[in-house]
Structures are given as structure tokens and as C-alpha cells.
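Reviewing the structure listed below.
Quick note on labels: first sequence line is chain A, next is B, and so on, each numbered from 1. Atoms considered below: every heavy atom in the structure, side chains included; atoms not considered: hydrogens, waters and symmetry mates.
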There are 2 protein chains.
Amino acid sequence: MPVSEGNPGEDARARLQRLHDILRSRICLLDYPPGTRLSEEPLAAEFGTSRTPLRRALARLEDEGLIQTQHGVGTIVTDVDLAEMGRTYELRRELAGLAGRLSPVAVTPDIIARAHRFVARGRALARTPDPREFARLNMDFFHFGAALTENEALREASERLYYRTARIWLKSISRLDLGDEVRIFLTELEQTAAAVDGHDLLAAALIRQAHISMCEARLRA
Amino acid sequence: MPVSEGNPGEDARARLQRLHDILRSRICLLDYPPGTRLSEEPLAAEFGTSRTPLRRALARLEDEGLIQTQHGVGTIVTDVDLAEMGRTYELRRELAGLAGRLSPVAVTPDIIARAHRFVARGRALARTPDPREFARLNMDFFHFGAALTENEALREASERLYYRTARIWLKSISRLDLGDEVRIFLTELEQTAAAVDGHDLLAAALIRQAHISMCEARLRA
DNA sequence: AAACGGCGTGTTGTGCACAACCCTGACGGG
DNA sequence: CCCGTCAGGGTTGTGCACAACACGCCGTTT
């Protein structure tokens, strides 16, 4: 059982970030599937705080559209309908392309090494497919891709959209063939690593764009 | 003196929206210039609430990057440095273009009428230029443009970015020639109205894109 | 005169108690 | 049998008091 005890010497801002990230992760990894009712008191107890700081984290999640609170009822994990998902995916696709054109970072050996580590992780996953590990790898890889642009605003917007749709994707994995999805994703990782090898972040962005587009098409089917 | 008294029969969500919008407007209209220290207690008193609901609104503003709170010091209205502004403008420009391609709305007579009302307001402003009225018109026109796409995610992202940079623009107006700026903006309004007349939202988006680009260049000078 | 230390004031952060509210289920009347 | 009513439990929203913190002022010391 994962315990998230408090951290005595922790700054208020750091704690907010921690609570927010943990809760967001749980929502997007479907530990809290859409429709789940989160109660403030038990959550606060789990994190070793009172309701007040917890509510600050919930407020951010609500502004991000991941939960919705109703007075007297509870805070419910939101769901995403197909129409909204389609538009969000469209925008995500466009932003991914922008990442290659707007302030791409300089490719360092560290970046190349990280790209290849993702390929290794992808291959390991292909040997023993697991939905949750798949989701985690996908999330990590998203952050890797976001770090390829220096445009802070673009990163922030992409991240918002990603976390908004990540759940839908994981929820549909069961409908699709997990092995196929893993193989497709591994291809994306390999192609990206090759592009990064050639210091071509525009290509990396286009690859990502293409895969987002194809992924959305598979989800829609 | 503008009084913002409470509204007895008001829902919590509606009040949050109201407080947030008012404060955001004040920040972006430079009623609270960058560096201003906002105090929670007086603000809460002005809005007829306690600190708790006010803090909820401030939390959203902080997540949007418009203010920054420091324990024991105060909540300070943020400033935007030139480098960040440049990247944000880049992204705004791209998103404006996207608005013409991603789910544009159907052009109705109402939309056309509104476009022409903006032209009328612009002409009135050109006769008696005023920085604050200029800013207000610009803000209203932005919302008009955002309403031209049905892509909710795109609207939200654009709005975030707009309010993030609106201050910089108004702050620089004094450096530039107000009359020139008003005339340029009037041109944008007229061109947009013409595009809308022809039911061509793609053109409207491209016009906006061009003007954002030129505006950024003037700011940078 | 300059440097240092402590204290007072003002600010945001936290915890707690209570208000406002919604849902469920039982109960009674039609 | 059905429907309306009401009470109870559980949840989020609010207000308030206090803790934690930063900064400037002033007296003291060197």
C-alpha cells in the first residue's frame, strides 16, 4: 500500500506541487477512474495535512478540468466525451508540431542518451506488456518530448492538454489490442530516437504529430 | 469609486468566477500594475466575503501566472520579461492561425453584426483615443475572435495566453504612439469585418495572425 | 559612526468548527 | 400501490483564530 506521509521541513509551494502531482497521476493512471468520488477528509488524512492545503490542490485540479466539486455532494473525477476529446486531440497534434518549430532546444548527448533509454524501456515493455507500465512510459515520454522546446508557454499548454486526455487513452486500451499498441508505441520511440540522433527535432515533432493523429483515429474506431 | 458589493443569492461557483474575472481585469488594465501588493483582507472586505473565497480566486490567478504569493510578504502582481513575452507571442500567433482551421463556427448574421459593431467602436476610439478604452476594446475583440472556433480547448489556451501578455502591451502603449496604434487596430477591425462578411473565418484568422506578429515586432522595438 | 540583535507589525498559511447543501430512505397519507 | 414529506448522515463551502514567516525600526554595543 502506497503511503504518502507528510514531509516536516516542506515548503507550502512544494507540498502543493506534490499533492497536485500525486492526485493528477492517480487520476490519469485510473487509480481514480472517472466518476470516482474523492472525499477531502480521508485524503487530507492520508497526506498528513488538514483539509485546507488539500483543497488548494483540488482547486488546481478543478481549474484543469480533471475533477468537479459540487456543494453537498462531493468532488467527482470528470469524464471526457468523444466530441471534446476529438478537438483536444486536434489541438494536441498541432502543438506537437509547433514544438519542432518554436524554440527547439540544442540536442545534447544527454538528450540522445535519454531517447535511447526510452527505446530500451519500450523493448522491455514489448516483452511483458502491462497497461499500467505502458501508461507510465507514455507519460514519461510525453515529458521528454515537452522538454524538447524552450517555449515555456507551449510546454505548459501541451501538458494541460495531455493530462486532460491521458485517461481516455488508458481507458480505451482494454478495448484495443495491448500488444499492437505497445508495438506501435515502440516504433514511435525508435523513430524519435533516430531523429534525435540526427539532431533533427523538427522530424521528432512531426513523428509525434503523426502518431498523435493515428492514435486518435484508433481511439475513435 | 467602483464598489463591488456582494450578491446575496449567489452561487459559490458564480462568485469565484466573478472575483476572478474582476481581479484579472484589474491586473490586465493596469489598475494593479506589476509589482503591486494585493492584501487579502482589504480585498475580501471590498467584495463582502471572508478571506477564504477570495483566496480561492487568488489561487486561480496564481496558477495562471498573473500573481505570485509569498508567505509573510504578500501577493505580488507579476511582471513579464521580454524573452518570455516573445515566446508567448509566438504561440499566440500560431494559435490564432489554428482558430481558422480547427472547427470554425458557422457565420451567422449576429456574428457579422458584432464584427461591424467593433468597427464602429474602433472608429469612435480613433476620434478620441484613450489608452484604457483601447485596452477594453482590444480585450472585447479578443473574446469575439476566440468565439469564432468551437474548439473549447483552443479557446481556453488562447485566453490563458492572451491574459498573460495583455499587460505588457498596455504598458508599452505609452512608449508608442497611441494614435498610430489605434489606427492600426482599426485597420485590423475593418479587415476582420470584411473577412467575416465573406464568411471566411480562415482569412479572419490569418489577419489576426499577421497583426499579432506585427504587434509583437512593434513592442520589441 | 557603524554594525548587530531583538522586537513589533503586517502578511500569508493552517486548522478547526460550523453553515449550507444534497441525497437516501423511511414513513404516512391518499 | 404511489407519492409527498421529513429527518438523518455525509459532503463541500465559509468564517475565524492562530501559527509561521518576512521585513523594517530602534536601541544597544563596539
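- Of the possible polar contacts, none joining the B:Ser25 side chain to the B:Asp21 backbone as a donor-acceptor pair under 3.5 Å is found.
- To the nearest angstrom, P of C:dG10 lies 12 Å from CD of B:Glu41.
- By the 6.0 Å contact criterion, CD on B:Glu133 is enclosed, its count of non-hydrogen atoms from other residues, nucleotides or ligands being greater than 12.
- Comparing C:dT14, C:dT12, D:dG13 by their closest approach to the side chain of A:Ser50 singles out C:dT14.
- For C:dT14, neither phosphate oxygen OP1 nor OP2 lies less than 4.0 angstrom from any side-chain nitrogen or oxygen of A:Thr52.
- The distance from atom CD of A:Gln68 to atom P of D:dG13 is 11 Å, rounded to the nearest whole Å.
- Distance CZ (A:Phe47) to P (C:dG15): 14 Å, rounded to an integer number of Å.
- Comparing B:Gly72 and B:Thr49 by the nucleotide of DNA chain D whose heavy atom lies nearest to each, the residue mapping closer to the 5' end is B:Thr49.
- Note on A:Thr69: every side-chain N or O is 4.0 Å or more away from OP1 and OP2 of D:dT11.
- For B:Ala12, whose side chain is taken as the heavy atoms from C-beta onward, the closest listed nucleotide among C:dC22, C:dT12, D:dG13 is D:dG13.
- Look at CD on A:Glu40: it is 15 Å from C1' on C:dT14, rounded to the nearest Å.
- Taking atom CG of B:Leu54 as the reference point, atom C1' of C:dT12 lies 12 Å away to the nearest angstrom.
- One can place CD1 of B:Ile76 at 13 Å from C1' of C:dG10, the figure rounded to the nearest angstrom.
- Distances shown here put a side-chain N or O of B:Arg37 below 4.0 Å from the OP1 or OP2 atom of C:dT11.
- Separating the CZ atom of B:Arg15 from the C1' atom of D:dG13 is a distance of 8 Å, rounded to the nearest angstrom.
- Within the nucleic acid shown, A:Leu38 comes within 4.0 Å of sugar-phosphate atoms alone, with no base atom in reach, counting heavy atoms only.
- To the nearest angstrom, P of D:dC16 lies 15 Å from CZ of B:Arg55.
- Residue side chain A:Arg51 reaches the base of D:dG13 through a donor-acceptor N/O pair under 3.5 Å, judged by distance alone.
- The backbone N or O of B:Arg87 sits less than 3.5 Å from a side-chain atom of A:Asn151, completing a donor-acceptor pair.
- Considering B:Tyr162, B:Tyr89, B:Phe142, B:Phe134 as possible partners of B:Trp169, the one that fulfils the ring pair (Phe, Tyr, Trp, His ring centres under 6.0 Å) test is B:Phe134.
- If you check the side chains of B:Thr165 and B:Arg92, you find a donor sitting under 3.5 Å from an acceptor.
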